[in-house]
Amino acid sequence: MTTVGSYLATRFSQIGLQHHFAVAGDYNLVLLDELLKQPGLEQVYCSNELNCGFSAEGYARANGAAAAVVTFSVGALSALNAIGGAYAENLPVILVSGAPNTNDRASQHLLHHTIGTHDFGYQLEIAKKLTCAAVSITSAEDAPALIDHAIGTALRERKPAYIEIACNLSAAACAEPGPISAVTGPEASDPDTLAAAVDAAAAFLAGKQKPVILVGSKLRAAGAEQETVALAESLGCAVAVMAAAKSFFPEDHPQFAGIYWGEVSAPGAREIVDWSDGVLCLGTVFNDYSTVGWTAQPSPATSIVADLQRVTLPGHDFSRVQLREFVSALARKVERRDATMTELARIRSEPVPEPAAEPAAKLTRAEFVRQLRPLVTPDSTVFAETGDSWFNGLKLHLPGGARFEVEMQWGHIGWSVPSVFGYAVGAPERKVIGLIGDGSFQLTAQEVAQMIRRKLPVLIFLMNNHGYTIEVEIHDGPYNNVKNWDYAGLISAFNADDGNGLGLRATSGGELAKAIETARSHTGGPVLIEVVIDRDDCTSDLISWGKRVAAANARPPQPVR
Ligand code: TPU
Ligand code: MG
């Protein structure tokens, strides 16, 4: 017999999920039972619902989609923060919440876990703002259509969706699932508009001396990474990548010009973009952070902007054009335009070898990055948390195959611990390295216990600078000091009597080298290395960027005209 819960489970399997993340609560227990019955769909437990949402977010990064299952209100409202993150980061995470019994809906009953009124609809209303589709299942007959609508919309739009299921319906009988192609069928461009957009873009580029490609973070959501390499090769131009899109264009490709981030760009990358008379922006996101406080953004007058479903260029605006199809068709149409490669060859600087620090000398950020570099191999995925970890991570040169994950649009500190957990569950073949600051770690540290539980070989570098240094660089005050923790001791506490996580602490280059050596041979659980540095030992990029962001925040109100 198909039940509402088993229908959902089948759809999860059909869209390629082998896991879903969960925290139990009485509104979802029967649903969790139904999901457990699905062969090949494992239930993975999290320490709290915020982490559950971010774990699913990380799984979606590895696997293309994910699901989190939580209880009503006390659970879901925490998870919704991570769902906002999935929206901002273009990741289709399906949030499923248990909900009040259908008989309580129009009654005068008061229910636990609610705000204590007769309104049980507030969670759905909030979810509607943070997802591309939010549905409430209050009848088993409607369940298949509503589930399919939510999942299908999430996959098409690469955004999260929300499904709440009344707790007395999870095991109720409903219709069998039909073919999944009805749910996941691809959305195609309007053919005439696609052709017109490609013609206009090719003509625009043909009229430019120095076109460049600028890759943005929505490129992965569009599934257009391969197509972009082909387009770059037909145009022959330099390709710069925005910080949030690091690794979305191969860094070992000869046309890779580096990270474009205004004043804090990689050497040469800013010049290549700023000197260009025609920037082809693919899946780019320009916000206050990515434009370095509105100081760096290609002019729309000299740009083509190809978004997920829309292409704009001076004098044109084409809707219903899928980014992937646009890039792929444009690659077949463009003329070669490789002047920026000549420029790049002139200004490109070879990386200067960094001298090793004295092994006994006090550990510095620079020495840490030097020792980190060789750890990044083609099978690595590096997660960089908000803070100076962003800048440390961005400085890494990624060999072909290596991946890089950041959460720059949402920017929730602590995101990376659960996201790394979810990613490592979804991609066990990858070597996952997390870079995180002390302040960020304290928000979501519990999820290391789940890595220990599942024996995941994650390597975390915790940069302990005893404070919110990124905030110090934006605006300092006593609120930027962080209570110190015994981070290595915390891992022992998480181990309790059956875990095999390892916590290490390094205060000199020699200790760090030894810790890395120990981590390499450790098996059966994660390793956390606490990297102890001075409070003000940060990248110059963080200082420059922080200054610009502070200036943008401090703009006085403009008089109303
Ligand atoms: O390397 P460092 O010291 O900058 O990193 P750490 O220690 O992780 O400090 C991060 C400081 C920080 C804060 C407090 N970055 N952004 N914020 C603001 C913030 C507050 N709460 C959430 C959930 N997200 C935020 N980004
Ligand atoms: Mg810190």
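Both ligands and their constituent atoms are indexed starting at 1 by order of listing.
Scanning all protein heavy atoms for the shortest distance to atom 8 (O) of ligand 1 gives S440 OG, 2.6 Å. The protein heavy atom nearest to atom 6 (P) of ligand 1 is G439 N, 3.6 Å. Looking only at heavy atoms of the protein, atom 21 (N) of ligand 1 is closest to I413 CG1, 3.8 Å. Residue, atom and distance of the protein heavy atom nearest to atom 26 (N) of ligand 1 are G411 O, 2.8 Å.
In this structure, the side chains of E385 and F441 stay at 4.5 Å or more apart for every pair of heavy atoms. Side-chain contact between L459 and L375 is present, with at least one heavy-atom pair separated by less than 4.5 Å. Taking the side chain as every heavy atom from C-beta outward, R156 and T153 approach each other to under 4.5 Å. The shortest side-chain heavy-atom distance between F368 and L435 falls under the 4.5 Å cut-off. Side-chain atoms of N480 and R535, non-hydrogen and from C-beta on, do get closer than 4.5 Å to each other.
No N or O atom of L542 sits closer than 3.5 Å to an N or O atom of ligand 1.
Note: Y27 and H112 meet the aromatic proximity criterion, with ring centroids under 6.0 Å apart.
Of the charged side-chain nitrogens involved, at least one lies within less than 4.0 Å of a carboxylate oxygen, so that E405 and R61 count as a salt-bridged pair.
Contact annotation: for D388 versus ligand 1, heavy atoms closer than 4.0 Å belong to both the backbone and the side chain.
Distances shorter than 4.0 angstrom occur between a heavy atom of E471 and an atom of ligand 1.
Of the residues V279, L214, V215, the one that meets the side-chain contact (heavy atoms from CB on, under 4.5 Å) test with Y260 is L214. With N28 as the fixed residue, the side-chain contact (heavy atoms from CB on, under 4.5 Å) test singles out one of V96, T71, I165: T71.
Protein N/O/S atoms closer than 2.8 Å to the Mg ion (ligand 2), listed by chain and residue number, are D438 OD1, N465 OD1, G467 O.
The nearest non-hydrogen atom to atom 15 (N) of ligand 1, considering only V482, I470, I474, comes from I470. For atom 5 (O) of ligand 1, the nearest non-hydrogen atom from the set S389, G85, G414, G437 belongs to G437.
The aromatic rings of F391 and W261 lie parallel to each other, their planes meeting at an angle below 30°, with 60° marking the opposite boundary.
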